[in-house]
There are 2 protein chains.
Amino acid sequence: MARTSGSHALKTGPKVRLAALKLFALYGYAAVSMRQIAAEVGVQVGALYNYTPDKQSLLYDLMHTHLTDLLQTWRSQKTDTAPEELVLQFVTCHLNYHLDKSEAVFIAYMELRNLSELNFAKIETLRKSYELELESIITAGQRACIFSVEDPKITSFAILGMLKEVGTWFDGEGRLTKDEIIALYRDLVLRMLGVPASKP
Amino acid sequence: MARTSGSHALKTGPKVRLAALKLFALYGYAAVSMRQIAAEVGVQVGALYNYTPDKQSLLYDLMHTHLTDLLQTWRSQKTDTAPEELVLQFVTCHLNYHLDKSEAVFIAYMELRNLSELNFAKIETLRKSYELELESIITAGQRACIFSVEDPKITSFAILGMLKEVGTWFDGEGRLTKDEIIALYRDLVLRMLGVPASKP
DNA sequence: GTCTATACCCTGATAGAC
DNA sequence: GTCTATCAGGGTATAGAC
(Lines give C-alpha, C1' and ligand atoms only; values in the text may rest on other atoms or scores of the structure.)
Protein backbone atom coordinates (compact mmCIF):
# COMPACT_ATOMS: atom_id res chain seq x y z
CA MET A 1 0.00 0.00 0.00
CA ALA A 2 1.55 3.23 -1.16
CA ARG A 3 1.72 5.87 1.53
CA THR A 4 1.33 8.83 -0.80
CA SER A 5 -2.26 9.81 -0.11
CA GLY A 6 -3.35 12.99 1.65
CA SER A 7 -1.09 15.48 3.36
CA HIS A 8 0.79 12.71 5.14
CA ALA A 9 2.87 12.32 2.01
CA LEU A 10 4.20 15.86 2.51
CA LYS A 11 7.61 16.33 4.05
CA THR A 12 7.94 18.72 6.97
CA GLY A 13 9.27 21.66 4.97
CA PRO A 14 6.17 22.12 2.79
CA LYS A 15 3.96 21.31 5.76
CA VAL A 16 5.46 24.23 7.68
CA ARG A 17 4.65 26.60 4.83
CA LEU A 18 1.13 25.22 4.48
CA ALA A 19 0.49 25.55 8.21
CA ALA A 20 1.79 29.12 8.27
CA LEU A 21 -0.32 29.93 5.20
CA LYS A 22 -3.46 28.63 6.86
CA LEU A 23 -2.88 30.20 10.27
CA PHE A 24 -1.64 33.59 9.04
CA ALA A 25 -4.69 33.84 6.78
CA LEU A 26 -7.03 32.91 9.62
CA TYR A 27 -5.66 34.90 12.54
CA GLY A 28 -3.05 37.27 11.11
CA TYR A 29 0.73 37.10 11.26
CA ALA A 30 1.13 38.97 14.55
CA ALA A 31 -1.49 36.89 16.31
CA VAL A 32 -0.01 33.52 15.36
CA SER A 33 2.84 32.01 17.38
CA MET A 34 5.54 29.65 16.25
CA ARG A 35 4.14 27.18 18.77
CA GLN A 36 0.76 27.26 17.01
CA ILE A 37 2.43 26.59 13.69
CA ALA A 38 4.39 23.72 15.18
CA ALA A 39 1.21 22.22 16.62
CA GLU A 40 -0.52 22.47 13.23
CA VAL A 41 2.41 20.69 11.58
CA GLY A 42 2.63 18.13 14.34
CA VAL A 43 6.16 18.84 15.58
CA GLN A 44 7.76 20.73 18.45
CA VAL A 45 8.79 24.39 18.13
CA GLY A 46 12.50 23.79 17.75
CA ALA A 47 11.98 21.68 14.65
CA LEU A 48 10.52 24.62 12.73
CA TYR A 49 13.90 26.33 12.70
CA ASN A 50 15.28 23.64 10.44
CA TYR A 51 13.07 25.10 7.72
CA THR A 52 13.05 28.83 8.34
CA PRO A 53 15.63 31.09 10.02
CA ASP A 54 12.84 33.02 11.73
CA LYS A 55 9.15 33.91 11.66
CA GLN A 56 9.65 36.96 9.46
CA SER A 57 11.28 34.89 6.71
CA LEU A 58 8.31 32.55 6.78
CA LEU A 59 5.98 35.46 6.02
CA TYR A 60 8.26 36.83 3.34
CA ASP A 61 8.57 33.44 1.65
CA LEU A 62 4.80 33.06 1.46
CA MET A 63 4.29 36.51 -0.03
CA HIS A 64 7.19 36.24 -2.43
CA THR A 65 6.09 32.83 -3.68
CA HIS A 66 2.55 34.07 -4.17
CA LEU A 67 3.52 37.18 -6.13
CA THR A 68 6.03 35.52 -8.41
CA ASP A 69 3.50 32.75 -9.03
CA LEU A 70 0.77 35.27 -9.85
CA LEU A 71 3.01 37.22 -12.21
CA GLN A 72 4.29 34.09 -13.90
CA THR A 73 0.76 32.73 -14.30
CA TRP A 74 -0.42 35.88 -16.03
CA ARG A 75 2.65 36.31 -18.21
CA SER A 76 2.43 32.73 -19.42
CA GLN A 77 -1.30 33.00 -20.17
CA LYS A 78 -1.59 36.33 -21.93
CA THR A 79 -1.55 36.33 -25.69
CA ASP A 80 -0.62 38.93 -28.28
CA THR A 81 -4.06 40.33 -28.93
CA ALA A 82 -6.07 43.55 -28.93
CA PRO A 83 -6.48 45.53 -25.66
CA GLU A 84 -10.20 44.80 -25.44
CA GLU A 85 -9.57 41.06 -25.46
CA LEU A 86 -6.39 41.33 -23.42
CA VAL A 87 -8.08 43.12 -20.54
CA LEU A 88 -10.70 40.39 -20.41
CA GLN A 89 -7.93 37.80 -20.29
CA PHE A 90 -6.45 39.72 -17.38
CA VAL A 91 -9.70 39.83 -15.43
CA THR A 92 -10.32 36.13 -15.98
CA CYS A 93 -6.78 35.11 -15.05
CA HIS A 94 -6.75 37.42 -12.02
CA LEU A 95 -10.08 36.23 -10.63
CA ASN A 96 -9.37 32.55 -11.25
CA TYR A 97 -6.09 32.88 -9.41
CA HIS A 98 -7.57 34.92 -6.57
CA LEU A 99 -10.50 32.63 -5.99
CA ASP A 100 -8.37 29.49 -6.14
CA LYS A 101 -5.55 30.67 -3.89
CA SER A 102 -7.49 32.88 -1.54
CA GLU A 103 -5.28 32.31 1.50
CA ALA A 104 -2.04 33.44 -0.12
CA VAL A 105 -3.84 36.34 -1.78
CA PHE A 106 -5.36 37.45 1.50
CA ILE A 107 -2.03 37.36 3.31
CA ALA A 108 -0.38 39.38 0.56
CA TYR A 109 -2.97 42.13 0.98
CA MET A 110 -3.16 42.11 4.77
CA GLU A 111 0.35 41.55 6.03
CA LEU A 112 2.37 44.12 4.12
CA ARG A 113 2.98 46.17 7.25
CA ASN A 114 4.41 43.19 9.10
CA LEU A 115 7.26 42.83 6.62
CA SER A 116 10.67 44.18 7.55
CA GLU A 117 11.70 47.31 5.69
CA LEU A 118 13.93 45.35 3.33
CA ASN A 119 11.40 42.61 2.62
CA PHE A 120 8.66 45.18 2.11
CA ALA A 121 10.66 46.92 -0.60
CA LYS A 122 11.15 43.67 -2.51
CA ILE A 123 7.48 42.73 -2.28
CA GLU A 124 6.38 46.22 -3.32
CA THR A 125 8.47 45.94 -6.47
CA LEU A 126 6.70 42.74 -7.43
CA ARG A 127 3.28 44.15 -6.58
CA LYS A 128 3.85 47.25 -8.66
CA SER A 129 4.99 45.31 -11.68
CA TYR A 130 1.73 43.35 -11.52
CA GLU A 131 -0.28 46.58 -11.26
CA LEU A 132 1.63 47.86 -14.26
CA GLU A 133 0.48 44.91 -16.33
CA LEU A 134 -3.10 46.15 -16.12
CA GLU A 135 -2.25 49.83 -16.40
CA SER A 136 -0.29 49.30 -19.59
CA ILE A 137 -3.19 47.42 -21.17
CA ILE A 138 -5.46 50.34 -20.36
CA THR A 139 -3.00 52.90 -21.68
CA ALA A 140 -2.57 50.93 -24.91
CA GLY A 141 -6.33 50.64 -25.38
CA GLN A 142 -6.72 54.32 -24.67
CA ARG A 143 -4.16 55.24 -27.33
CA ALA A 144 -5.89 52.95 -29.81
CA CYS A 145 -9.21 54.70 -29.04
CA ILE A 146 -10.75 51.41 -28.03
CA PHE A 147 -11.10 52.48 -24.39
CA SER A 148 -12.32 55.86 -23.24
CA VAL A 149 -11.18 56.57 -19.70
CA GLU A 150 -10.50 59.86 -17.95
CA ASP A 151 -7.51 58.70 -15.94
CA PRO A 152 -5.81 55.37 -16.77
CA LYS A 153 -3.96 55.10 -13.45
CA ILE A 154 -7.02 55.72 -11.27
CA THR A 155 -9.10 53.43 -13.47
CA SER A 156 -6.49 50.73 -13.06
CA PHE A 157 -6.52 51.11 -9.26
CA ALA A 158 -10.31 51.12 -9.27
CA ILE A 159 -10.48 47.88 -11.25
CA LEU A 160 -7.91 46.12 -9.07
CA GLY A 161 -9.71 47.31 -5.91
CA MET A 162 -13.00 46.05 -7.22
CA LEU A 163 -11.52 42.67 -8.12
CA LYS A 164 -9.71 42.36 -4.79
CA GLU A 165 -13.00 42.66 -2.92
CA VAL A 166 -14.32 39.42 -4.42
CA GLY A 167 -11.96 37.36 -2.29
CA THR A 168 -13.52 38.70 0.91
CA TRP A 169 -16.92 37.17 0.31
CA PHE A 170 -16.61 34.37 -2.28
CA ASP A 171 -16.52 30.95 -0.69
CA GLY A 172 -17.72 28.72 -3.52
CA GLU A 173 -21.02 28.05 -1.78
CA GLY A 174 -23.02 31.16 -2.63
CA ARG A 175 -25.70 31.92 -5.16
CA LEU A 176 -23.29 32.21 -8.08
CA THR A 177 -20.58 29.95 -9.49
CA LYS A 178 -17.05 31.17 -10.03
CA ASP A 179 -17.59 31.42 -13.78
CA GLU A 180 -20.80 33.42 -13.38
CA ILE A 181 -18.98 35.86 -11.10
CA ILE A 182 -16.12 36.21 -13.55
CA ALA A 183 -18.59 36.95 -16.34
CA LEU A 184 -20.22 39.71 -14.27
CA TYR A 185 -16.88 41.32 -13.51
CA ARG A 186 -15.71 41.12 -17.10
CA ASP A 187 -18.78 43.12 -18.03
CA LEU A 188 -18.22 45.68 -15.27
CA VAL A 189 -14.61 46.21 -16.35
CA LEU A 190 -15.63 46.85 -19.96
CA ARG A 191 -18.15 49.41 -18.75
CA MET A 192 -15.52 51.18 -16.66
CA LEU A 193 -13.27 51.34 -19.70
CA GLY A 194 -16.01 52.88 -21.82
CA VAL A 195 -16.39 49.93 -24.20
CA PRO A 196 -19.91 49.89 -25.65
CA ALA A 197 -21.89 46.79 -24.73
CA SER A 198 -21.95 44.19 -27.48
CA LYS A 199 -25.45 42.92 -28.27
CA PRO A 200 -25.69 39.19 -28.90
CA MET B 1 -3.15 82.20 29.35
CA ALA B 2 -5.77 79.63 28.51
CA ARG B 3 -4.46 76.10 28.45
CA THR B 4 -6.85 74.83 25.77
CA SER B 5 -4.57 74.70 22.73
CA GLY B 6 -3.44 71.52 20.98
CA SER B 7 -3.99 68.03 22.23
CA HIS B 8 -2.92 69.00 25.73
CA ALA B 9 -6.45 70.20 26.29
CA LEU B 10 -7.65 66.60 25.89
CA LYS B 11 -8.43 64.58 28.96
CA THR B 12 -6.90 61.16 29.28
CA GLY B 13 -9.98 59.23 28.13
CA PRO B 14 -10.10 60.63 24.60
CA LYS B 15 -6.31 60.56 24.42
CA VAL B 16 -6.36 56.81 25.02
CA ARG B 17 -8.78 56.31 22.14
CA LEU B 18 -6.75 58.57 19.86
CA ALA B 19 -3.52 56.76 20.71
CA ALA B 20 -5.12 53.37 20.09
CA LEU B 21 -6.59 54.62 16.81
CA LYS B 22 -3.21 55.80 15.60
CA LEU B 23 -1.23 52.76 16.70
CA PHE B 24 -3.77 50.11 15.63
CA ALA B 25 -3.93 51.75 12.20
CA LEU B 26 -0.15 51.86 11.91
CA TYR B 27 0.91 48.46 13.23
CA GLY B 28 -2.28 46.43 13.64
CA TYR B 29 -4.21 45.48 16.76
CA ALA B 30 -2.31 42.29 17.53
CA ALA B 31 1.08 43.94 17.12
CA VAL B 32 0.36 46.86 19.47
CA SER B 33 0.82 46.44 23.22
CA MET B 34 -0.96 48.23 26.02
CA ARG B 35 2.47 49.52 27.05
CA GLN B 36 2.89 51.19 23.66
CA ILE B 37 -0.52 52.84 23.95
CA ALA B 38 0.31 54.07 27.45
CA ALA B 39 3.60 55.52 26.23
CA GLU B 40 1.81 57.31 23.37
CA VAL B 41 -0.68 58.80 25.83
CA GLY B 42 2.04 59.65 28.34
CA VAL B 43 0.86 57.56 31.30
CA GLN B 44 1.78 54.22 32.83
CA VAL B 45 0.06 51.01 31.78
CA GLY B 46 -2.16 50.68 34.83
CA ALA B 47 -3.80 54.04 34.16
CA LEU B 48 -5.28 52.81 30.88
CA TYR B 49 -7.58 50.47 32.75
CA ASN B 50 -9.47 53.44 34.17
CA TYR B 51 -10.79 54.02 30.65
CA THR B 52 -11.22 50.57 29.17
CA PRO B 53 -11.88 47.22 30.81
CA ASP B 54 -9.45 45.55 28.40
CA LYS B 55 -7.71 45.82 25.03
CA GLN B 56 -10.53 44.07 23.16
CA SER B 57 -13.07 46.68 24.30
CA LEU B 58 -10.80 49.41 23.05
CA LEU B 59 -10.86 47.90 19.56
CA TYR B 60 -14.60 47.36 19.65
CA ASP B 61 -15.23 50.95 20.78
CA LEU B 62 -13.20 52.34 17.91
CA MET B 63 -14.98 50.24 15.31
CA HIS B 64 -18.43 50.80 16.75
CA THR B 65 -17.93 54.56 16.95
CA HIS B 66 -16.68 54.64 13.38
CA LEU B 67 -19.56 52.65 11.93
CA THR B 68 -22.34 54.47 13.75
CA ASP B 69 -20.72 57.76 12.79
CA LEU B 70 -20.50 56.70 9.14
CA LEU B 71 -24.12 55.55 9.04
CA GLN B 72 -25.37 58.66 10.82
CA THR B 73 -23.38 60.91 8.50
CA TRP B 74 -24.90 59.33 5.41
CA ARG B 75 -28.45 59.17 6.74
CA SER B 76 -28.35 62.83 7.72
CA GLN B 77 -26.95 63.92 4.37
CA LYS B 78 -29.02 61.98 1.88
CA THR B 79 -32.03 63.69 0.38
CA ASP B 80 -35.25 62.42 -1.14
CA THR B 81 -34.24 62.43 -4.76
CA ALA B 82 -33.95 60.21 -7.83
CA PRO B 83 -31.64 57.14 -7.73
CA GLU B 84 -29.23 58.61 -10.25
CA GLU B 85 -28.60 61.63 -8.05
CA LEU B 86 -28.84 59.66 -4.83
CA VAL B 87 -26.08 57.25 -5.81
CA LEU B 88 -23.81 60.19 -6.57
CA GLN B 89 -24.59 61.61 -3.14
CA PHE B 90 -23.62 58.26 -1.67
CA VAL B 91 -20.30 58.11 -3.50
CA THR B 92 -19.44 61.67 -2.51
CA CYS B 93 -20.40 61.20 1.13
CA HIS B 94 -18.61 57.85 1.32
CA LEU B 95 -15.37 59.08 -0.20
CA ASN B 96 -15.29 62.31 1.79
CA TYR B 97 -15.75 60.33 4.99
CA HIS B 98 -13.22 57.66 4.02
CA LEU B 99 -10.53 60.12 3.00
CA ASP B 100 -11.01 62.32 6.07
CA LYS B 101 -11.10 59.54 8.67
CA SER B 102 -8.74 57.09 7.06
CA GLU B 103 -7.39 55.61 10.30
CA ALA B 104 -10.77 54.55 11.68
CA VAL B 105 -11.84 53.31 8.26
CA PHE B 106 -8.67 51.27 7.86
CA ILE B 107 -9.06 49.64 11.27
CA ALA B 108 -12.68 48.75 10.52
CA TYR B 109 -11.62 46.88 7.39
CA MET B 110 -8.49 45.24 8.77
CA GLU B 111 -9.29 44.21 12.31
CA LEU B 112 -12.58 42.37 11.94
CA ARG B 113 -10.94 39.04 12.73
CA ASN B 114 -9.52 40.35 15.99
CA LEU B 115 -12.97 41.03 17.41
CA SER B 116 -14.46 38.57 19.86
CA GLU B 117 -17.32 36.51 18.47
CA LEU B 118 -19.93 38.66 20.19
CA ASN B 119 -18.39 41.97 19.17
CA PHE B 120 -17.94 40.73 15.62
CA ALA B 121 -21.64 39.98 15.30
CA LYS B 122 -22.60 43.50 16.41
CA ILE B 123 -20.12 45.14 14.04
CA GLU B 124 -21.24 42.96 11.15
CA THR B 125 -24.83 44.08 11.65
CA LEU B 126 -23.79 47.72 11.35
CA ARG B 127 -21.58 47.03 8.35
CA LYS B 128 -24.36 45.19 6.54
CA SER B 129 -26.88 47.94 7.10
CA TYR B 130 -24.44 50.36 5.50
CA GLU B 131 -23.97 48.03 2.52
CA LEU B 132 -27.73 47.81 2.23
CA GLU B 133 -27.98 51.58 1.83
CA LEU B 134 -26.13 51.35 -1.47
CA GLU B 135 -27.76 48.14 -2.60
CA SER B 136 -31.25 49.55 -2.13
CA ILE B 137 -30.41 52.62 -4.17
CA ILE B 138 -29.24 50.35 -6.97
CA THR B 139 -32.31 48.15 -6.76
CA ALA B 140 -34.60 51.19 -6.83
CA GLY B 141 -32.78 52.64 -9.85
CA GLN B 142 -32.98 49.29 -11.58
CA ARG B 143 -36.75 49.05 -11.06
CA ALA B 144 -37.15 52.59 -12.39
CA CYS B 145 -35.17 51.59 -15.50
CA ILE B 146 -32.63 54.34 -14.78
CA PHE B 147 -29.85 51.85 -14.08
CA SER B 148 -29.13 48.78 -16.11
CA VAL B 149 -27.17 46.24 -14.12
CA GLU B 150 -27.01 42.47 -14.38
CA ASP B 151 -26.78 41.75 -10.66
CA PRO B 152 -27.52 44.52 -8.12
CA LYS B 153 -25.85 42.76 -5.19
CA ILE B 154 -22.59 42.02 -7.00
CA THR B 155 -22.57 45.50 -8.49
CA SER B 156 -23.01 46.95 -5.02
CA PHE B 157 -20.10 44.87 -3.67
CA ALA B 158 -17.99 45.85 -6.66
CA ILE B 159 -18.63 49.56 -6.13
CA LEU B 160 -17.87 49.39 -2.39
CA GLY B 161 -14.70 47.39 -3.09
CA MET B 162 -13.57 49.92 -5.65
CA LEU B 163 -14.24 52.82 -3.28
CA LYS B 164 -12.52 51.09 -0.36
CA GLU B 165 -9.30 50.83 -2.34
CA VAL B 166 -8.91 54.61 -2.50
CA GLY B 167 -8.00 54.79 1.17
CA THR B 168 -4.95 52.57 0.63
CA TRP B 169 -3.13 55.03 -1.61
CA PHE B 170 -4.62 58.51 -1.12
CA ASP B 171 -2.54 60.66 1.18
CA GLY B 172 -3.54 64.17 0.10
CA GLU B 173 -0.17 64.81 -1.50
CA GLY B 174 -0.52 63.04 -4.83
CA ARG B 175 -1.23 64.26 -8.33
CA LEU B 176 -4.96 64.73 -7.76
CA THR B 177 -7.01 66.60 -5.16
CA LYS B 178 -9.71 64.92 -3.15
CA ASP B 179 -12.43 66.56 -5.22
CA GLU B 180 -10.84 65.49 -8.49
CA ILE B 181 -10.68 61.92 -7.26
CA ILE B 182 -14.30 62.00 -6.16
CA ALA B 183 -15.32 63.29 -9.59
CA LEU B 184 -13.49 60.42 -11.29
CA TYR B 185 -15.16 57.83 -9.10
CA ARG B 186 -18.60 59.35 -9.53
CA ASP B 187 -18.15 58.87 -13.25
CA LEU B 188 -16.93 55.29 -12.86
CA VAL B 189 -19.92 54.40 -10.71
CA LEU B 190 -22.37 55.76 -13.26
CA ARG B 191 -20.68 53.69 -15.94
CA MET B 192 -20.94 50.56 -13.82
CA LEU B 193 -24.64 51.24 -13.37
CA GLY B 194 -25.18 51.61 -17.10
CA VAL B 195 -26.11 55.29 -17.00
CA PRO B 196 -25.28 56.90 -20.36
CA ALA B 197 -22.64 59.64 -20.10
CA SER B 198 -24.18 63.11 -20.04
CA LYS B 199 -22.65 65.46 -22.57
CA PRO B 200 -22.01 68.99 -21.30
C1' DG C 1 -6.53 59.22 38.61
C1' DT C 2 -2.01 57.87 38.40
C1' DC C 3 1.77 55.53 40.12
C1' DT C 4 4.82 51.36 41.23
C1' DA C 5 5.16 46.66 41.72
C1' DT C 6 3.99 42.34 40.52
C1' DA C 7 1.50 37.97 39.11
C1' DC C 8 1.41 34.84 35.64
C1' DC C 9 1.70 33.40 31.06
C1' DC C 10 3.41 33.41 26.38
C1' DT C 11 6.86 35.01 22.95
C1' DG C 12 10.80 34.00 19.45
C1' DA C 13 14.82 31.77 19.32
C1' DT C 14 18.83 28.65 20.80
C1' DA C 15 21.66 24.58 22.76
C1' DG C 16 22.60 20.08 23.14
C1' DA C 17 20.89 15.15 23.78
C1' DC C 18 19.32 11.49 20.92
C1' DG D 1 15.66 15.95 11.98
C1' DT D 2 13.36 16.08 16.08
C1' DC D 3 13.10 16.47 20.91
C1' DT D 4 13.44 18.66 25.59
C1' DA D 5 14.90 22.30 28.24
C1' DT D 6 15.90 26.86 28.71
C1' DC D 7 16.76 31.95 28.08
C1' DA D 8 15.63 36.75 28.24
C1' DG D 9 12.13 39.59 27.37
C1' DG D 10 7.49 41.25 26.77
C1' DG D 11 2.31 40.29 26.98
C1' DT D 12 -2.34 41.61 29.67
C1' DA D 13 -4.22 42.67 33.67
C1' DT D 14 -4.51 43.61 38.78
C1' DA D 15 -3.46 45.39 43.69
C1' DG D 16 -2.60 48.78 46.71
C1' DA D 17 0.03 53.16 47.92
C1' DC D 18 -0.43 58.01 47.24
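All values below come from the heavy atoms of this structure, side chains included, with hydrogens, waters and symmetry mates left out. Just so we're on the same page: letters track the sequence lines, and every chain starts at 1. Just so it is clear, the structure is predicted and the values come from calculations on it, not from any experiment.
The salt bridge (charged side-chain N to carboxylate O under 4.0 Å, His left out) contacts involving residues 83-105 of chain B comprise Asp69(B)-Lys101(B), Asp100(B)-Lys178(B), where partners must be two or more places apart or lie in separate chains. The side chain to side chain donor-acceptor pair (under 3.5 Å) contacts involving residues 145-162 of chain B comprise Arg175(A)-Asp151(B), Glu135(B)-Lys153(B), where partners must be two or more places apart or lie in separate chains. The list of side chain to side chain donor-acceptor pair (under 3.5 Å) pairs with a residue in residues 33-43 of chain B, not counting sequence neighbours, reads Lys22(B)-Glu40(B).
Under the side-chain hydrogen bond (donor to acceptor under 3.5 Å, both in side chains) criterion, Arg143(B) pairs with no residue at all, not counting sequence neighbours. Judged as a side-chain hydrogen bond (donor to acceptor under 3.5 Å, both in side chains), and not counting sequence neighbours, Tyr49(B) has no contacts. Taking Thr92(A) as the reference, Arg186(A) meet the side-chain hydrogen bond (donor to acceptor under 3.5 Å, both in side chains) condition, with sequence neighbours excluded. Residues meeting the ring pair (Phe, Tyr, Trp, His ring centres under 6.0 Å) test with Tyr27(A), sequence neighbours left out: none. Under the side-chain hydrogen bond (donor to acceptor under 3.5 Å, both in side chains) criterion, Asp187(A) pairs with Arg191(A), sequence neighbours left out.
Tyr130(B) and His94(B) have parallel rings, their planes meeting at less than 30° on a 0 to 90° scale where 60° marks the start of perpendicular.
In the hydrophobic clustering (ILVMFWY side chains linked at under 4.5 Å, chained through shared members), Phe106(B) is joined by Phe106(A), Met110(A), Met110(B).
First and last contacting nucleotides of DNA chain D toward chain B (any atom under 4.0 angstrom from a heavy atom, 5' to 3' order): dG11(D) to dT14(D).
Over its full length, the helix from dG1(C)-dC18(D) to dC18(C)-dG1(D) turns its helical axis through 0°, comparing axes from the five pairs at each end and rounding to 10°.
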Legend entry - Letter per nucleotide, 5' to 3', of nucleotides 8-14 of chain C [B base touched, S only sugar-phosphate touched, - untouched; heavy atoms, 4.0 Å]: ---BBBB
